[in-house]
Amino acid sequence: MKEYTRNHIRAFRDALLLKPKHISGSDRDLSFPTLIEKYRDQDVERVSRVSAKKLFSFVRSLFNTAINLHDLNESPTAGITISAPVSETDREPFSEDELRTMFSAAPFSPLNKSDDYWFILLSLFSGTRASELVQLRPEDLQEEGGIPFLDVSTSGGRTLKTKSSRRRLPVHPLLIHLGFVDWAKNRKGRIFNGIPIGRAQISDPASKRFNRWLDDIGISRPEVSLHSFRHTFKTMCRAANLDEHVSDVLSGHAPTSVARRYGKMPLEVLAEAMNRITCPVNIP
């Protein structure tokens with residue numbers, strides 16, 4: 001048991017959520033890893049999170065028993081959970097303490113401006129969906145009237161969640177100052193080519209990668225995830241006293257009235273609004 005690490009436990013937790021709800025015939029004799037691999041990419045009903053949580057609790061109990069018997073000093077399951085499903089609308093913004101924890105942990109070092117570094121900062125300072133970010137290409141970084149912006153669109157076979165997701169997104173001045181524009185221009189294929197694209201859900205690898213990192217740095221509230229950056233961005237927009245329509249355009253939210261569906265928001269107006277947005281904590 002001493003050979004099991006937190007990475008093993010996370011992999012087991014993720015595999016539990018892929019377990020088919022109904023198993024019949026010879027599949028019942030398959031080992032658990034073989035069963036998961038067989039059905040990984042198939043469109044089948046999976047076990048509920050409640051059932052997966054119950055199965056995971058048996059493994060947790062096993063390690064806790066080993067600790068009680070003095071066979072282990074600590075459990076690799078500590079802090080790793082299967083939470084109840086939370087909808088996008090039930091997500092919450094990150095607290096200031098959580099943001100401070102993030103920006104005092106790796107990869108936030110001046111010497112380590114990697115995919116993860118920029119992906120997290122761009123998520124925070126744009127509220128962009130992860131599925132939109134992972135599809136961005138260097139040629140999507142454009143400039144007009146001295147304003148660098150990202151062209152979030154369906155060109156090149158990309159997909160967007162809604163029609164309102166298509167937009168020109170000014171790059172926040174802090175990201176420009178930190179060097180994002182130069183970094184992104186020199187990428188090959190995709191801007192975030194170090195973060196894989198999922199086969200079933202485009203943003204799955206990015207979400208799992210980020211959630212593992214949250215576990216590692218001790219942020220485990222079930223209400224927060226990668227999607228919480230969209231809520232955090234909207235909170236920052238309100239703190240900057242931005243017009244709700246402007247913040248909706250920046251984040252790609254659907255218009256709240258028929259009148260707002262007409263016309264386009266000028267890039268200069270969006271850039272001026274972006275310049276007013278600040279983060280409540282220090283960014284290294």
Residues passing the side-chain contact (heavy atoms from CB on, under 4.5 Å) test with Asp97, sequence neighbours excluded, are Ser95, Arg100

Residues at least two apart in sequence or cross-chain that pass ring pair (Phe, Tyr, Trp, His ring centres under 6.0 Å) with Phe63, listed by chain then number, are none

Any salt bridge linking Arg209 with Asp116? Criterion: basic side-chain nitrogen under 4.0 Å from a carboxylate oxygen.
yes

For Ser203 and Arg129, which I'm curious about, is there any donor-acceptor pair between the side chains at under 3.5 Å?
no

When you measure from the side chain of Arg230 to the backbone N and O of Leu124, does any donor-acceptor pair fall under 3.5 Å?
no

Determine yes or no for a side-chain-to-main-chain donor-acceptor pair under 3.5 angstrom, with Lys53 supplying the side chain and Thr81 the backbone.
no

What residues form a salt bridge (charged side-chain N to carboxylate O under 4.0 Å, His left out) with Arg212, not counting sequence neighbours?
none

Can you check whether Leu122's main-chain N or O pairs, donor with acceptor, with His172's side chain at less than 3.5 Å?
no

With sequence neighbours left out, what residues match Lys21 under salt bridge (charged side-chain N to carboxylate O under 4.0 Å, His left out)?
Glu45

Applying salt bridge (charged side-chain N to carboxylate O under 4.0 Å, His left out) to Arg158 and not counting sequence neighbours gives Asp140

Please check if the side chain of Arg276 supplies one atom and the backbone of Asn241 the other of a donor-acceptor pair under 3.5 Å.
yes

Is the centre of the Phe233 ring less than 6.0 Å from the centre of the Phe125 ring?
no

If you measure from CG on Leu16 to CG on Leu55, what distance do you get to the nearest 0.5 Å?
5.5 Å

Closer than 4.0 angstrom, basic N to acidic O: yes or no for Asp27 and Lys38?
yes

Inspect the contact between Glu132 and Arg166 and indicate whether a charged nitrogen and a carboxylate oxygen are less than 4.0 angstrom apart.
no

Sequence neighbours excluded, the answer for side-chain contact (heavy atoms from CB on, under 4.5 Å) partners of Arg238 is Lys234, Glu244

side-chain contact (heavy atoms from CB on, under 4.5 Å) with Lys185: which residues, sequence neighbours excluded?
Leu141, Val181

Side chain Ser228, main chain Glu92, donor-acceptor under 3.5 Å:
yes

Can you name the salt bridge (charged side-chain N to carboxylate O under 4.0 Å, His left out) partners of Asp115, sequence neighbours left out?
Arg187

Please check this pair: side chain of Arg46 against backbone of Pro20, looking for a donor-acceptor N/O pair closer than 3.5 Å.
no

Can you list everything that forms a ring pair (Phe, Tyr, Trp, His ring centres under 6.0 Å) with Phe192? Sequence neighbours excluded, please.
Phe119, Trp183

Which pairs, with at least one residue in residues 129-149 and sequence neighbours excluded, count as a ring-ring contact (aromatic ring centres under 6.0 Å, His included)?
none

Do the side chain of Asp71 and the main chain of Ile67 share a donor and acceptor less than 3.5 angstrom apart?
no

Assess the side chains of Ser51 and Ser48: does a donor N or O sit below 3.5 Å from an acceptor N or O?
yes

Which residues pass the ring pair (Phe, Tyr, Trp, His ring centres under 6.0 Å) test with Phe12, sequence neighbours left out?
Phe32

Which residues share a side-chain contact (heavy atoms from CB on, under 4.5 Å) with Glu139, sequence neighbours left out:
Arg137

